[in-house]
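To start, the structure under review is shown below, and the notes come after it.
Along the sequence shown, the residues carry numbers beginning at 1.
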Amino acid sequence: LFLKMGKVCAIFGGSRGIGKAVAELLAQKGCRLAIIGRNLEVAQTTARNLGAGHLALSCDVSSEQEVQNTFEEMQRNLGPINYLVNAAGINRDGLLVRTKTEDMIAQIHTNLLGTMLTCKAAVKSMLQQQGGAIVNIGKLGNSSNISPLLGFIHTEMTAHLEEDQLKKSILLGRFGEPREVAQAVVFLLESPYVTGSTLVVDGGLQLL
C-alpha cells in the first residue's frame, strides 16, 4: 500500500514560516507529510489545510526520547520516511554580552542538538530502505538576525527588522519569501546525485 502512494516527508518546524512553505510545495507534489511542531494545535491546522492524509505531531526536538517516539508514530501512520526537512529553529536575539546563558543553551538544544537527533533517527529508517534525503535549513543565529545560508526571509523571526534599511545590502534589493526557500529545499530533496551540499539562498547578500 505504501509503495503506491507518494513519498513520506517529515518536516520538523513544518507548521509555520519556511517549514510550512516546504510542506505546501511537497503536498502539491503528492507527498504525504508529517507536520511536526512544538504546538500540536498549530501543526494540526497546517496539516488540515494541506488536505487529507497528512499527520500532525508535537515534539520537543531537544529530547531524544520524544524524537524517537515521533519517528515511531510517523512510521506507524505513514510508512517509512523518505525525506526529512529540519526547519525547527529558535532565535533568542540580542547582543552576546546581554544574552542569558539559558537562552544560549535553549538555542543549542533546539537548533543544533535537535537537528542531530532528528537526522540520527531518520538515517536509521533510511538505511533500512536504502535511500532517502535530508535537508537542514540554516537557523537564525544569536546576535546576528541572519543565517549565512538564508539571508533575510519574511518570517516571524525577521518581522521586527528594519527592512528598508537592510534591503540595501541585498543584491536583489528585497527580503526573500518562504516559498523561494521551499523551492530550493525541494530541489535538494529531489536531486539524487546532489549530496553533502550547502546551498546559499540569500538574494545575493554575500556578494555585496
Side-chain angles (χ1 to χ4, degrees), residues 7-27 31-47 50 54-93 99-128 132-142 144 146-150 153 155-158 178 181-182 184-186 188-189 198:
K7 290 194 183 287
V8 175
C9 181
I11 307 180
F12 284 82
S15 53
R16 57 185 62 181
I18 292 167
K20 185 180 177 183
V22 173
E24 288 165 352
L25 206 49
L26 287 172
C31 287
R32 287 173 306 131
L33 305 169
I35 305 298
I36 305 126
R38 272 179 177 270
N39 185 319
L40 183 58
E41 282 181 29
V42 179
Q44 285 170 334
T45 302
T46 300
L50 294 172
H54 306 296
L55 184 65
L57 297 166
S58 72
C59 179
D60 173 3
V61 293
S62 67
S63 161
E64 185 160 17
Q65 190 58 58
E66 279 200 37
V67 170
Q68 206 171 314
N69 294 346
T70 300
F71 271 83
E72 285 169 10
E73 184 81 2
M74 285 189 285
Q75 299 231 21
R76 267 199 304 275
N77 286 279
L78 299 174
I81 309 300
N82 305 110
Y83 295 154
L84 166 66
V85 176
N86 275 309
I90 59 169
N91 193 31
R92 301 280 191 266
D93 194 50
T99 304
K100 293 177 182 168
T101 304
E102 54 263 37
D103 283 342
M104 294 182 198
I105 292 166
Q107 281 194 94
I108 290 167
H109 275 182
T110 298
N111 299 357
L112 177 60
L113 180 63
T115 298
M116 293 169 77
L117 290 174
T118 57
C119 285
K120 180 181 174 183
V123 166
K124 282 182 184 174
S125 167
M126 289 171 183
L127 283 171
Q128 287 170 358
I134 298 173
V135 174
N136 297 318
I137 298 171
K139 310 298 188 296
L140 293 174
N142 187 68
S144 66
I146 183 172
S147 155
L149 305 180
L150 281 187
I153 311 296
T155 64
E156 289 172 29
M157 283 189 181
T158 59
V181 181
V185 171
V186 172
L188 290 171
L189 290 173
T198 301

What is the distance from atom CG of L55 to atom CG of L57, rounded to the nearest 0.5 Å?
4.0 Å

To the nearest 0.5 Å, tell me how far L117 CG sits from L112 CG.
9.5 Å

Please tell me whether E73 and N69 have a donor and an acceptor in their side chains that are separated by less than 3.5 angstrom.
no

Tell me the closest heavy-atom pair linking I81 and M74, and the distance in Å.
CD1-CB, 3.8 Å

Could you check if a side-chain atom of E24 sits within less than 4.5 angstrom of a side-chain atom of L50, using non-hydrogen atoms only?
yes

Partner of N86 under side chain to side chain donor-acceptor pair (under 3.5 Å), chosen from T115, T118, N111
T118

Closest non-hydrogen atom pair between T155 and P178, with its separation:
CG2-CG, 4.4 Å

Residue pair L84 / M126, side-chain heavy-atom distance below 4.5 Å:
yes

Qualifying residues under ring pair (Phe, Tyr, Trp, His ring centres under 6.0 Å), relative to F71, sequence neighbours excluded:
F12

Donor-acceptor pairs under 3.5 Å, side chain of residues 34-44 to any protein atom, not counting sequence neighbours: which ones?
{"from": "R38", "atom 1": "NH2", "to": "D60", "atom 2": "OD1", "distance (Å)": "3.4"}
{"from": "N39", "atom 1": "OD1", "to": "E41", "atom 2": "N", "distance (Å)": "3.0"}
{"from": "N39", "atom 1": "OD1", "to": "V42", "atom 2": "N", "distance (Å)": "3.2"}

Polar side-chain atom of T158 near backbone of I153 as donor-acceptor pair, under 3.5 Å:
yes

Can you tell me how far the CD1 atom of I105 sits from the OG atom of S62, to the nearest 0.5 Å?
11.5 Å

Qualifying residue, where the test is side-chain contact (heavy atoms from CB on, under 4.5 Å) with I18 and the options are I11, I137, V85
I137

Test side-chain contact (heavy atoms from CB on, under 4.5 Å) on V135 and V22 and set out the steps.
CA-CA 11 Å; V135 174; V22 173; over 6 Å; no

Can you tell me how far the CZ atom of R32 sits from the NE2 atom of H54, to the nearest 0.5 Å?
9.5 Å

Hey, could you give me each pair passing salt bridge (charged side-chain N to carboxylate O under 4.0 Å, His left out) that has a residue in residues 104-127? Not counting sequence neighbours.
E64-K120

Heavy-atom distance under 4.5 Å between the side chains of S125 and Q75, does that happen here?
yes

I134 to A122 - nearest heavy-atom pair and separation:
CD1-CB, 4.3 Å

Backbone N/O of V8 and side chain of N82: donor-acceptor pair under 3.5 Å:
yes

From OG (S15) to NZ (K20), nearest 0.5 Å:
8.5 Å

